[in-house]
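My questions all concern the structure below.
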Amino acid sequence: MKKILVTGGLGFIGSHTVVELQNEGFEVVIIDNLSNSKIEVLQGITNITGKKPEFHPFDLLEKDKVQDFFKSNEIAGVIHFAASKAVGESVEKPLMYYENNLGSLINILNGMQAGNCNPIIFSSSCTVYGQADVLPITEDAPLKLAESPYGNTKKMSEEIINDTTKASNIQAIALRYFNPIGAHPTAEIGELPLGVPNNLIPFVTQTAAGIRPQLSVFGDDYPTPDGTAVRDYIHVVDLAKAHIAALKRLLHNENKTAMEFFNVGTGMGSSVLEVIHAFENATQQKLNYKIVGRRAGDITAAYADTALVNKELGWKTELSLEDALRDAWHWQLKQK
Ligand code: UD1
């Protein structure tokens, strides 16, 4: 059986996608350099699915290794997650972000061409829309100037892939994720933030667990119903399943153009305070939080119009915000 390559397959979204691929009967091979993941994730995946995926620990910037990999393996499709993703770090180290995120993508695309491999699913982000003028956000909303080098690598990666699909047989889908949260309901895999978390949910669960004394709510003077910023939080298992739907669409030649773009969100916006209260309800934990000033670079509100992805991929979310928060909490409780 031909294999699906998952780059960054030991990361947060990657590992959940590997689980769903294996549940669907796909054979998976992972390339991950362990820069922001742990080898134990492989065991978590194995515990859930009963099957250990093939794993190659190397860096996608090693062009020759990538070429050799595609020449010596029959790969039926690629899901490309591997990338650096810390917004603040990208502002401090822009060249590292451009080199890592764009260089590894270019090596993958070159490798795919050398190995006559097709198609690719790309891990993009709603960050390409910036603060959209119209909510909910549709896929044809204008792309805004990126707020950070990280965001810019997502935009540029989409363009690099799009140009490549025009000049080769490669077909692609970019999935623009809204805010992925949660963990696997078995608590075998989840998010593993390095150091102090930047994202809301890991900060919430670490505060509830007593690792952090207090959650700062960044701003309550936004033009939203309760003044706190609004996002579209999607359970990582639902998000993982969108990748399977996208992969099948391309493998079955059901795509309408060589490159397609889909928003992957729930379609529902939740404010920071709503998330805090949903967490307290779902877990019966009281959260110590304090309103502070806005975080630089944050937008007011973003949530997805999911009509296109629902129709074209035949995919929709099945899990609620409370499910995601409960699963994130159970995962947190398992961490030492
Ligand atoms: C952030 C990134 C975005 C990236 C995404 C990936 C920024 C500015 N944006 O999105 O580019 O694609 O992560 O997951 O970093 N919040 C608090 N207190 C906290 C943490 C967050 O109030 O301690 C608030 C934020 O102000 C925001 C919301 O919670 O309103 C969600 O924050 P976060 O989880 O960091 O996601 P985004 O900012 O949407």
Side-chain angles (χ1 to χ4, degrees), residues 8 11-14 16 36 81 83-92 97 101 122-132 135 137 143-155 157-158 174-182 190-208 211-236 239 263-266 269-279 287-304 321 324-325 328:
F12 175 43
I13 308 170
H16 288 83
N36 191 15
F81 293 102
S84 304
K85 62 169 186 179
V87 175
E89 185 186 45
S90 82
V91 176
E92 283 155 30
Y97 269 68
N101 292 3
F122 177 66
S123 174
S124 190
S125 168
C126 69
T127 194
V128 299
Y129 299 117
Q131 178 57 70
L135 295 171
I137 302 171
L143 305 191
K144 297 269 173 80
L145 274 181
E147 286 275 357
S148 68
Y150 157 78
N152 209 20
T153 66
K154 291 297 174 191
K155 247 175 102 179
S157 294
E158 286 192 354
L175 297 179
R176 292 171 174 164
Y177 316 149
F178 282 66
N179 288 55
I181 61 163
E191 199 166 0
L192 285 168
L194 273 183
V196 183
N198 293 311
N199 295 119
L200 178 62
I201 306 311
F203 212 106
V204 163
T205 60
Q206 290 195 5
T207 305
I211 301 168
R212 313 270 158 218
Q214 192 171 55
L215 168 75
S216 296
V217 173
F218 296 138
D220 69 346
D221 57 351
Y222 284 103
T224 61
D226 67 18
T228 63
V230 167
R231 299 287 186 276
D232 183 339
Y233 296 93
I234 176 170
H235 197 301
V236 66
L239 173 58
N263 287 342
V264 191
T266 67
S270 305
S271 73
V272 178
L273 288 178
E274 282 171 340
V275 169
I276 290 172
H277 297 138
F279 177 82
L287 208 60
N288 182 25
Y289 68 89
K290 186 181 161 200
I291 311 283
V292 301
R294 292 183 181 192
R295 180 171 69 177
D298 270 355
I299 56 167
T300 301
Y303 49 95
L321 177 63
L325 295 169

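Quick caveat, the model's predicted, so the values are computed rather than measured. Just so you know, ligand 1 is whichever comes first in the structure, and atom 1 is the first atom listed for that ligand.
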Under a 3.5 Å threshold, yes or no: a donor from one side chain and an acceptor from the other, between Tyr97 and Glu89?
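Yes, a side-chain donor-acceptor pair sits under 3.5 Å.
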Hey, does Thr205 have a side-chain heavy atom less than 4.5 Å from the side chain of Phe279?
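Answer yes - side chains close enough.
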Can you tell me how far apart CZ (Arg294) and OG1 (Thr300) are? Round to the nearest 0.5 Å.
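Taking CZ in Arg294 and OG1 in Thr300, the distance rounds to 6.0 Å.
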Ser84 and Tyr150: side-chain donor and acceptor closer than 3.5 Å?
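No, Tyr150 and Ser84 have no side-chain donor paired with an acceptor closer than 3.5 Å.
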Side chain proximity check, Val272 to Phe218, heavy atoms < 4.5 angstrom
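Sidechains of Phe218 and Val272: no contact.
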Counting only heavy atoms and a distance below 4.0 Å, can you name the residues contacting ligand 1?
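Residues Val87, Ser125, Thr127, Tyr150, Asn179, Asn198, Asn199, Leu200, Phe203, Leu215, Ser216, Val217, Phe218, Ala229, Arg231, Tyr233, Val272, Arg295, Asp298 each place a heavy atom under 4.0 Å from ligand 1, listed by chain and number.
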Scan the side chains in residues 190-200 for donor-acceptor partners under 3.5 Å anywhere in the protein, sequence neighbours excluded, and list what turns up.
none

